[in-house]
Amino acid sequence: MQTAPSAGIRIADRVRDAVAAGRPVLALESTILTHGLPVPRNLDVGLETEALVRDADVEPATIGVIDGVPTVGLDASEIERLCGSDDVVKASTRDLPVARARRLDAGTTVAATAWLAHRAGIRVFSTGGLGGVHRGATDTFDESADLPSLAVTPITVVSAGVKSILDIGATLERLETLGITVVGYRTDRYPGFYVADSGFPVPARVDSPAEAAGVARARDELGLDSAVLVANPVAESEQLDPAVHDRVLAEALSAAAAERVTGHDTTPFLLDFVRRATGGRSLEVNLAVYRGNALLGAEIARGLAR
Ligand code: PSU
Ligand code: MN
């Protein structure tokens with residue numbers, strides 16, 4: 001059965017119009033709001049990030065699921081609804097059919113958001129940290145669906161790398177295997193989210209939004225279906241103290257093991273543990289990183305729209 005590219009998805013008129021007119025649009029995810037940040041800060045972040053993007057003359061499109069309907073371009077009241085309720089689930093791509101059939105509200109992960117954004121014709125997406133390969137994945141097989149999804153979604157994703165709660169080396173190997181293009185933004189080092197340098201190199205670097213847009217355009221010209229990941233490090237002056245980082249990380253990992261946290265609960269559990277154990281400092285870093293990624297994503301979206 002042939003279906004329209006956006007069948008089953010609700011796209012806000014302002015987003016549809018901007019895409020149709022070739023104006024720049026930036027997709028934003030909602031799991032970062034529903035499962036990555038504490039209430040009520042999550043709502044402020046959701047709305048402030050949209051404002052930041054609008055101030056850069058780019059149309060923001062926060063993506064999530066309302067009453068089962070994947071929605072590209074949530075309005076303020078819908079963002080508020082997702083940020084304020086305990087009944088909101090976390091939806092990666094495979095969860096969308098169940099959410100739809102049961103009319104659930106859901107935050108969408110990077111995997112689901114990227115796919116929905118692409119279906120809506122959006123070319124750039126900013127997030128905080130990507131999902132990746134969990135530590136111990138050789139036993140658990142716990143690798144985020146973000147990775148295989150990005151291999152088949154031709155979009156540009158701005159992130160600050162992956163958090164060191166994951167196995168960063170294994171994540172980079174999987175990105176290579178999956179044929180996903182990775183470039184460092186003004187760096188030769190892959191960032192570790194809370195810290196500017198994860199200890200691993202990036203295969204290539206770009207030094208301007210225009211250069212990042214050029215790589216995305218080249219991907220399109222080549223007809224490749226994979227994502228371009230732009231890894232944007234936190235400023236060294238704003239990063240989490242590496243010594244604090246290493247100590248808290250070890251504690252978080254042993255707490256998760258002791259409490260037998262598994263599956264899609266793992267990432268929210270570890271993030272919350274790190275936030276409490278750093279007295280909220282990790283949260284401030286998280287927000288600085290996310291703002292930076294939204295701003296860079298907006299600039300790349302403008303570069304692509306030109
Ligand atoms: N990493 C973060 N913050 C987050 C997430 C990841 O630092 O909020 C969220 C993103 O939405 C990401 C998802 O797509 O968690 C990955 O979850 P999983 O590992 O269950 O696929
Ligand atoms: Mn997982």
Side-chain angles (χ1 to χ4, degrees), residues 27-39 41-42 45-46 49 62-65 82-83 88-96 106-117 125-151 153 155 157-168 170-171 174-175 178 180 191-195 198 227 229 231-234 239-240 245 248-249 252 256 261-275 278 282-294:
L28 301 165
E29 59 142 325
S30 47
T31 292
I32 188 174
L33 305 177
T34 59
H35 291 75
L37 297 171
V39 178
R41 197 75 187 271
N42 58 347
V45 172
T49 308
T62 302
I63 297 178
V65 178
L82 291 184
C83 285
V88 177
V89 299
K90 169 180 166 183
S92 199
T93 318
R94 65 103 176 245
D95 304 305
L96 294 174
T108 47
T109 64
V110 168
T113 305
W115 181 73
L116 291 164
F125 163 29
S126 286
T127 182
L130 296 179
V133 179
H134 281 266
R135 292 163 184 253
T138 46
D139 294 323
T140 62
F141 276 58
D142 191 352
E143 170 184 347
S144 174
D146 290 355
L147 300 186
S149 298
L150 292 173
T153 310
I155 193 165
V157 182
V158 180
S159 77
V162 299
K163 285 185 177 148
S164 36
I165 56 174
L166 302 174
D167 184 334
I168 298 182
T171 300
R174 288 290 293 152
L175 288 169
L178 291 164
I180 298 170
F193 194 93
Y194 294 123
V195 291
S198 68
L229 300 188
N232 184 29
V234 64
Q239 72 179 352
L240 201 60
H245 169 266
V248 168
L249 174 64
V261 181
T262 57
H264 75 167
D265 294 333
T266 308
T267 301
F269 176 90
L270 292 171
L271 295 181
D272 189 55
F273 187 100
V274 169
R275 179 178 60 80
T278 58
S282 73
L283 178 59
E284 297 313 315
V285 176
N286 201 335
L287 298 181
V289 162
Y290 189 47
R291 273 192 294 271
N293 291 346

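FYI, side chains are in, hydrogens and waters are out, and symmetry mates aren't considered; it's all heavy atoms of this structure. As the structure lists them, so they are numbered: ligands from 1, and atoms in each ligand from 1.
For the side chain to side chain contact (heavy atoms under 4.5 Å, CB included) with Arg291, the lone residue among Val289, Leu287, Asn293 that qualifies is Leu287.
For atom 11 (O) of ligand 1, the closest heavy atom belonging to the protein is Glu29 OE1, 2.7 Å. For atom 19 (O) of ligand 1, the nearest non-hydrogen atom of the protein is Thr267 OG1, 3.4 Å. Looking only at protein heavy atoms, the nearest one to atom 17 (O) of ligand 1 is Lys90 NZ, 3.1 Å. In this structure, atom 6 (C) of ligand 1 lies nearest to the protein heavy atom Gly129 O, 3.5 Å. Atom 8 (O) of ligand 1 has as its closest protein heavy atom Ile32 CA, 3.6 Å.
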- Task: Would you check, one step at a time, whether the test side-chain hydrogen bond (donor to acceptor under 3.5 Å, both in side chains) holds for Thr108 with Thr113?
- Result: CA-CA 6 Å; Thr108 47; Thr113 305; 2.9 Å; yes
- Item | Working for side-chain hydrogen bond (donor to acceptor under 3.5 Å, both in side chains), residues His264 and Ser92 | CA-CA 9 Å; His264 75 167; Ser92 199; over 6 Å; no
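The CD1 atom of Ile32 sits 10.5 Å away from the OG atom of Ser159 when rounded to the nearest 0.5 Å. With rounding to the nearest 0.5 Å, the separation of OG in Ser282 from CZ in Phe273 is 11.0 Å. We find the CG-CG distance between Leu147 and Leu130 to be 7.5 Å, quoted to the nearest 0.5 Å. Annotation: the span from Thr262 atom OG1 to His134 atom NE2 amounts to 10.5 Å, rounded to 0.5 Å. Once rounded to the nearest 0.5 Å, the distance linking OG1 of Thr109 with CG of Leu96 reads 8.0 Å.
Distances between N or O atoms of His264 and those of ligand 1 include no value under 3.5 Å. The distance criterion of under 3.5 Å between nitrogen or oxygen atoms is met by Val110 with respect to ligand 1.
Ligand-side atoms of ligand 1 in range of His134: 19 (O), range being under 4.0 angstrom from any heavy atom. For ligand 1 and Lys163, the ligand atoms under 4.0 Å from any heavy atom of the residue are 2 (C), 3 (N), 7 (O). Residue Ser144 has at least one heavy-atom neighbour below 4.0 Å for each of these atoms of ligand 1: 16 (C), 18 (P), 19 (O), 21 (O).
Looking at Arg275, its side chain never comes within 3.5 Å of a backbone N or O of Gly36 through a donor-acceptor pair.
Looking at Asp146 against ligand 1, only its side chain comes within 4.0 Å, counting heavy atoms.
Closest N/O/S atom of Asp142 to the Mn ion (ligand 2): OD1.
Nearest-heavy-atom check against atom 4 (C) of ligand 1 across Asp142, Leu271, Thr31 picks out Leu271.
With a cut-off of 2.8 Å, the Mn ion (ligand 2) has no N, O or S atom of Glu143 in range.
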